[in-house]
Trainee: 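If you scroll down you'll find the structure; I have some questions about it.
Remember, it's a predicted structure, so these values are computed and weren't measured experimentally. Each chain gets a letter, A, B and so on, in the order its sequence line appears, and its residues count up from 1.
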2 protein chains.
Amino acid sequence: MSSSEKPSRKVTSFDVARLAGVSRAAVSRTFTPNASVSPETREKVVKAAKELGYRVNYLARGLINQRSDFVGIVAAGMDNPFRAMQIEQITKNLVRRNFRPILLPADHGESADHVMDQLLHYSVSGVLVTSDAPPTALCAEFAAAGVPIVLINKADSIPAVDRVVSDNDTAGRLAATTLIETGARHLAVMSAAAISYTARRRQQAFLACCHSLEADVRVIPVKINDYANGFAAAAMLDGVDGVFCINDYMACGLVDGLRQRGVSIPDDVRIVGHDDVPQASWAGYDLTTLRQPCDLQAEQAIDLLLSRMDNPETAERVEVTPVSLVRRSTA
Amino acid sequence: MSSSEKPSRKVTSFDVARLAGVSRAAVSRTFTPNASVSPETREKVVKAAKELGYRVNYLARGLINQRSDFVGIVAAGMDNPFRAMQIEQITKNLVRRNFRPILLPADHGESADHVMDQLLHYSVSGVLVTSDAPPTALCAEFAAAGVPIVLINKADSIPAVDRVVSDNDTAGRLAATTLIETGARHLAVMSAAAISYTARRRQQAFLACCHSLEADVRVIPVKINDYANGFAAAAMLDGVDGVFCINDYMACGLVDGLRQRGVSIPDDVRIVGHDDVPQASWAGYDLTTLRQPCDLQAEQAIDLLLSRMDNPETAERVEVTPVSLVRRSTA
DNA sequence: TCCAATATTGCACACGTGTACAGTTCCACG
DNA sequence: CGTGGAACTGTACACGTGTGCAATATTGGA
């Protein structure tokens, strides 16, 4: 009201110290956990701070602590709903643990280099990579610079770089057995194996399982694992009566493409997807799919980050998260 | 190879200066745009920097420049695909302009306070708010602290707080005329007007247009503008043959709900959505909808941010982005 | 050759904070 | 009352950088 302050300058710990009649160190200690301050000093400081609207400058704190509470998230393909789920889980988890997530979209391959390079200018506490095209060399550089880095669903084994990967082998096997069990005899797997480790791995496991069961199986290659490619692929399914789509995003496209061609699901063609994105449970699709617990993945990835912050010398670790079959109406 | 350096300590401009045989100021100037350095000095510095793997510490730079290149993004309801589009556009635009987006999920109302409060500890260059529940008081506090803040699709007019809003009035009118034009006679609008300014505004415009055309119209209130509520609302449509869904996310639910009840679209019920999310163009829905240009919104929001950074005293401004009708098969 | 104008350089300070160290106060116990 | 210890406080330095200012080197012209 009457306090018509002009906040032209940021208020610093000096101002608070002066107003509270204590040393600046006392102010610092008041806002530092586990520091030694007497109750009355603390009270004076808190009062003065509130009056001035003081907030600790975390950048300055990070400068001296060599640790900034920032965590970089490198993500590509944000049109895929699963990516959105991932990012939501990761950011929420980070914020809950008092980190600040810096979100870096890295779609065009070469831009990932540039974008990740930028991160090295901030003293990020760590980096999470969910991109499909991570520059391996750059990851190694982060590790060399002492920045903990965790890859989610990535291939490359890099010294000192931890990973969280979904159980793709079980996924491929469950997909195959479910399709066969529900009556499919001529199977196929749709994936852009060339550009995605995850797709490659699931495809291999699926094929291996089919072969061991002596089932007829073929590969339907696509360029990108997205809706449009799934939709278009509906035209290339002659004779196939059971398809494993490497992700739900593409599976939705396939379902729509098949329906448009008058193919009945699951009577003519059975479909199993992967990820359990929200759309998979929508009544319009009701996809049978393999759920990937992206909340758990976020949790484990950040745990790995923290653990490596404490002792950076550990050998690289791999956490495998379980998949679970969600039976719906497409298989 | 042979250079078995132990990078235990961060390399600073001192190290570079020593190796290059120049002063530390020369190093700083080399990496500062528009600074005066001779070509040969610059070359020596660049060479030394590359050899040591030196990177400017942006936190320290921000400390002295009073300006970190961080921009906070406060977002809620990330399950809505439109939010994902928004976040993708905003982050890409920010990165392109050499800012670092800090993504803050703020779902549970009171947590928005806490989360935004955290931002004041970093010298963020600005804040973008897309949340449906923005703490007005806190926004004012940011403005008072001299932090530029832009609201996207928000209601409150706050001194020194700029806004980008979609043209909700035109949206409501276009929805009404399109439904009537395609044969609907008993209209309805579905929205959670209580919790969302956007929903309220579109609903008002829709109702006003219906009234002026003397069309029969009613309101179908829902709790949240999401898929599940849209799906459930399919049971409450007796007599209605044209529905304006406040967003596509909910419209998808309504479509699925109606189909499950054997209602034919658009013969029995016409539907117009809003946002033009990816799913609206999926063959399974093929929603007639109102496109909101979220790339343009991101561009304008960041423009406003920059412009207010230069002169903070400007009166608050409002940019209205156009909507365009996308005719598909549901109306 | 000499001078003025310009370009470049280095010194020193500033940004806002955490914390080791030494000094002070206080309390409990012998 | 004396003493040891614990609790607290303040001083001073460190973190890594940008930049004003004065000093110096360079250039151009007469």
Trainee: Which is true for A:R67 with a 4.0 Å heavy-atom rule: it touches a base, it touches only sugar-phosphate, or it touches nothing?
Mentor: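 Here A:R67 touches no strand at all.
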
Trainee: With sequence neighbours left out, which residue pairs that include part of residues 292-312 of chain B fulfil the salt bridge (Lys or Arg N to Asp or Glu O under 4.0 Å) condition?
Mentor: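 Pairs touching residues 292-312 of chain B that pass the test: B:R97-B:E299, B:R97-B:D303, B:D162-B:R308.
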
Trainee: Just how far, in rounded Å, is C1' of D:dA14 from NZ of B:K10?
Mentor: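 Result: 17 Å.
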
Trainee: Rounded to whole Å, please give me the gap between CG in A:D69 and P in C:dT17.
Mentor: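 So the CG-P distance, A:D69 to C:dT17, works out to 15 Å.
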
Trainee: Atom CZ of A:R61 and atom C1' of D:dG16: how far apart are they, to the nearest Å?
Mentor: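 Taking atom C1' of D:dG16 as the reference, CZ of A:R61 is at 18 Å.
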
Trainee: Looking only at side-chain N and O atoms, does A:Q66 come under 4.0 Å of OP1 or OP2 in D:dA14?
Mentor: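 For D:dA14, neither OP1 nor OP2 has a side-chain N or O of A:Q66 closer than 4.0 Å.
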
Trainee: Does B:R317 have more than 12 heavy atoms from other residues, nucleotides or ligands lying within 6.0 Å of its CZ?
Mentor: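 Yes.
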
Trainee: With a non-hydrogen cut-off below 4.0 angstrom, is A:Y58 in contact with a base, only sugar-phosphate, or nothing?
Mentor: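 Answer is nothing: A:Y58 stays at 4.0 Å or more from every strand.
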
Trainee: A:N57 has an atom CG; how far is it from atom P of C:dA14, in whole Å?
Mentor: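 Spelled out: CG on A:N57 to P on C:dA14 is 18 Å.
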
Trainee: Would you kindly give the OH-to-P distance between A:Y122 and D:dT17, to the nearest whole Å?
Mentor: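 So the two atoms are 13 Å apart, to the nearest Å.
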
Trainee: Do B:V150 and B:V164 make a side-chain contact, defined as non-hydrogen atoms from C-beta onward lying under 4.5 Å apart?
Mentor: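 When only atoms from C-beta onward are counted, B:V164 and B:V150 do touch, with a gap below 4.5 Å.
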
Trainee: Between atom CG in B:L63 and atom C1' in C:dC13, what is the gap in whole Å?
Mentor: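 Taking atom C1' of C:dC13 as the reference, CG of B:L63 is at 14 Å.
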
Trainee: Is a donor on one side and an acceptor on the other found under 3.5 Å between the side chain of B:N57 and the backbone of B:T12?
Mentor: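 No, B:N57 side chain to B:T12 backbone: no donor-acceptor pair under 3.5 Å.
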
Trainee: Between the side chain of A:R163 and the main-chain N/O of A:A155, is any donor-acceptor distance below 3.5 Å?
Mentor: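 It does hold such a pair.
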
Trainee: With the side chain of B:T41 defined as its heavy atoms from C-beta on, choose the nearest nucleotide among D:dT17, D:dC8, C:dT8.
Mentor: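 Nearest listed nucleotide: C:dT8.
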
Trainee: Which residues, if any, of residues 18-38 of chain A bring a heavy atom under 4.0 Å of DNA chain C?
Mentor: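 Residues of residues 18-38 of chain A under 4.0 Å from DNA chain C: A:R24, A:A25, A:S28, A:R29, A:T32.
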
Trainee: I need the CG-P distance between B:N65 and D:dG18, as an integer number of Å.
Mentor: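 Atom CG in B:N65 sits about 7 Å away from atom P in D:dG18.
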
Trainee: Looking across every strand, which nucleic acid part, if any, lies under 4.0 Å from A:R55 by heavy atom: base, sugar-phosphate, or nothing?
Mentor: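 Sugar-phosphate, no base atom in range.
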
Trainee: Between A:R29 and A:T41, is there a side-chain donor-acceptor contact under 3.5 Å, judged purely by atom types and distance?
Mentor: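 Distance-only check fails for A:T41 and A:R29.
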
Trainee: Using the salt bridge (Lys or Arg N to Asp or Glu O under 4.0 Å) rule, collect all pairs that involve residues 36-47 of chain B, keeping only residues at least two apart or in two chains.
Mentor: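 Salt bridge (Lys or Arg N to Asp or Glu O under 4.0 Å) check on residues 36-47 of chain B returns no pairs.
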
Trainee: For A:I64 and C:dG18, what is the distance between atoms CD1 and C1' respectively, to the nearest whole Å?
Mentor: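 Answer to the nearest Å: 4 Å.
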
